[in-house]
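Small disclaimer: the values here were computed from a predicted structure and weren't measured. A note on names: the letters A, B, ... follow the listed sequences, proteins ahead of strands, and every chain is numbered from 1.
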There are 2 protein chains.
Amino acid sequence: MTGTGHNTRKDAAEPGVSGREQRSRHRARGEERRGEILGAALEVIAERGYRGATLGTVAERVGITQQGLLHYFPTKESLLVEVLRIRDDWDTGGALSRKDFGDSPWPLANLETLVEYNAMRRGVVQTFSALLGESVTEDHPAGEYFHDRYRWARAGAEATLRREFGDRLPNGLTPERAAPLLIAVMDGLQFQWLHEPAGADDNGTGGAGVDMSRAFRDFLDLLYGTSRDADGN
Amino acid sequence: MTGTGHNTRKDAAEPGVSGREQRSRHRARGEERRGEILGAALEVIAERGYRGATLGTVAERVGITQQGLLHYFPTKESLLVEVLRIRDDWDTGGALSRKDFGDSPWPLANLETLVEYNAMRRGVVQTFSALLGESVTEDHPAGEYFHDRYRWARAGAEATLRREFGDRLPNGLTPERAAPLLIAVMDGLQFQWLHEPAGADDNGTGGAGVDMSRAFRDFLDLLYGTSRDADGN
DNA sequence: CGCATTCCCTACCTGTTGATCAGTAGATCA
DNA sequence: TGATCTACTGATCAACAGGTAGGGAATGCG
């Protein structure tokens, strides 16, 4: 029951493994574990939120103890910070702020792609949405993150809109004032979609759910002032 | 400190008070306390979310013990259910689903009023938003509530849009497909507003915040396809 | 080979939370 | 006047939570 039977393992087993392979494997172990933990934390936060998530649950999912996890992330909050950081790399950093941001002939296509991408990553969206909800409560560790993120997202959206439409949208609205709406639609649709998804990979719900990608395209049509496919599809 | 000095109160004091009034006052104590508890719970949930809220904190705010609170609401979840119910009466029941729903010459004005009303009730909005975020997590007691609420809200929005525009919005979009966008904007703006409010009662933020009411009007302009005041204001 | 580092565990502590149990004081009622 | 109901309180509990202390095994390094 107690930790016995491990001293006989190394010397006898794996006789043909070279020292280099063992070393590199050992080195990589740490970063690999970190990655596993981050992935598990993302899952657990999606399922229970940050406050509801426990270090023990995350650790268990990686196959170590809670104290083993604390070896990598000294506090629960430090774990959250890292989760937020990798999410930024994946999602926002991957689309909203990419260097090739203005490369597309149609800037808003990037946002459309982002939404479609999110629709395939329910876990990530759920984590994000759960944290966003919690972040409005007092003294939440993610509060500042979302505050900054919103400023930043609105600025990005405004720049995109300006690149697309100039200083006025077709209906006369300025990019500055349309930007919050764009962000709001993206966030708001996520909640509806999480509660009742509908879309490419989901059929038979009777049409009650929300097709996030299609709805977002509908909103873009609204910005353009014309409908591209509202009649047929 | 302990409950002394009350046995002399009844017989001697209030000689002219009839038995009926005393009885009713006694009866009302219970309902009054219930109301106080519900109000405190709304506050505490706004500050810490449902999972983060504790019965002790709520009870303390009413001036009773945690066990005293459990006398009125046998479980924490039952308290949440009641909070959700009264919120419905205040907010949704008061505007979205009112009988005089179609009485206004301009149906969407009701929604505008609702948003303006919300902008004056930060605590309620914060409670709602915190719970909405939590509700996407697994086995959350408010999950079903929000699921149903979204269906219902979309149906209500669709009906309103149909009453205003008929079967097609100016840009060709159907009310059915515009409804989710309307709800998404309302929800999404709340998060931005909570994180950085701006508006009538808030000046000097440097324009970085979000004026929820104005932004919502901007969105309605988008639905109409024309801008009413985007140039000057 | 000895030493440091990395990785992870056992043991333990302290605090919190929702909930139960039993009981008390006053009001109501028969 | 006694029975009963309402509105609580105090004591207590089991279950967890995050975090600390310290140690041990495997590995890398000189």
A/G52 or A/L70, whichever maps to the more 5' nucleotide of DNA chain D: A/G52
Length of the CZ-P vector between A/R48 and D/dC16, whole Å: 11 Å
Nucleotide nearest A/Q67 when distance is taken to its side chain, options C/dT10, D/dT9, D/dG18: C/dT10
Whole-Å distance separating the CZ atom of A/F73 from the C1' atom of D/dG19: 17 Å
Working for side chain to side chain contact (heavy atoms under 4.5 Å, CB included), residues B/L55 and B/L79: CA-CA 9 Å; B/L55 298 178; B/L79 178 58; 4.2 Å; yes
Sugar-phosphate only, base, or nothing, as touched by A/A59 at under 4.0 Å among non-hydrogen atoms: nothing
Aromatic ring proximity B/H140/B/F146, centre distance under 6.0 Å: no
Whole-Å gap separating C1' (C/dA19) and CG (B/L69): 12 Å
Short side-chain N/O contact to D/dC8 OP1/OP2 from B/Y72, under 4.0 Å: yes
Separation of atom CD in A/E60 from atom P in D/dA17, rounded to whole Å: 11 Å
B/T65, nearest nucleotide to its side chain (from D/dG10, C/dG18, C/dT6): D/dG10
d(CD, B/E32; C1', D/dT6) in whole Å: 15 Å
Nearest to side-chain heavy atoms of A/T54, which nucleotide of D/dA17, C/dT20, D/dC8: D/dA17
Minimum-distance nucleotide to B/R33 side chain [options: D/dC8, C/dC9, C/dA19]: D/dC8
Rounded distance (Å) that lies between atom P of C/dT16 and atom CZ of B/R51: 21 Å
Given C/dG18, D/dA7, C/dT10, the nucleotide with the shortest approach to the side chain of B/H71: D/dA7
Cationic N near anionic O, under 4.0 Å, B/R214 to B/E116: no
Nearest-nucleotide pick for B/K76, side chain only, options being D/dG18, C/dG18, D/dA7: C/dG18
Donor-acceptor pair between B/T57 and B/R48 side chains, under 3.5 angstrom: no
is_close_aromatic(A/F191, B/F191), centroid dist under 6.0 Å: yes
Nearest-angstrom distance from the residue atom OH of A/Y50 to C1' of D/dA17: 12 Å
Atom-to-atom span, CD1 of B/I64 to P of D/dT6 - whole angstrom: 16 Å
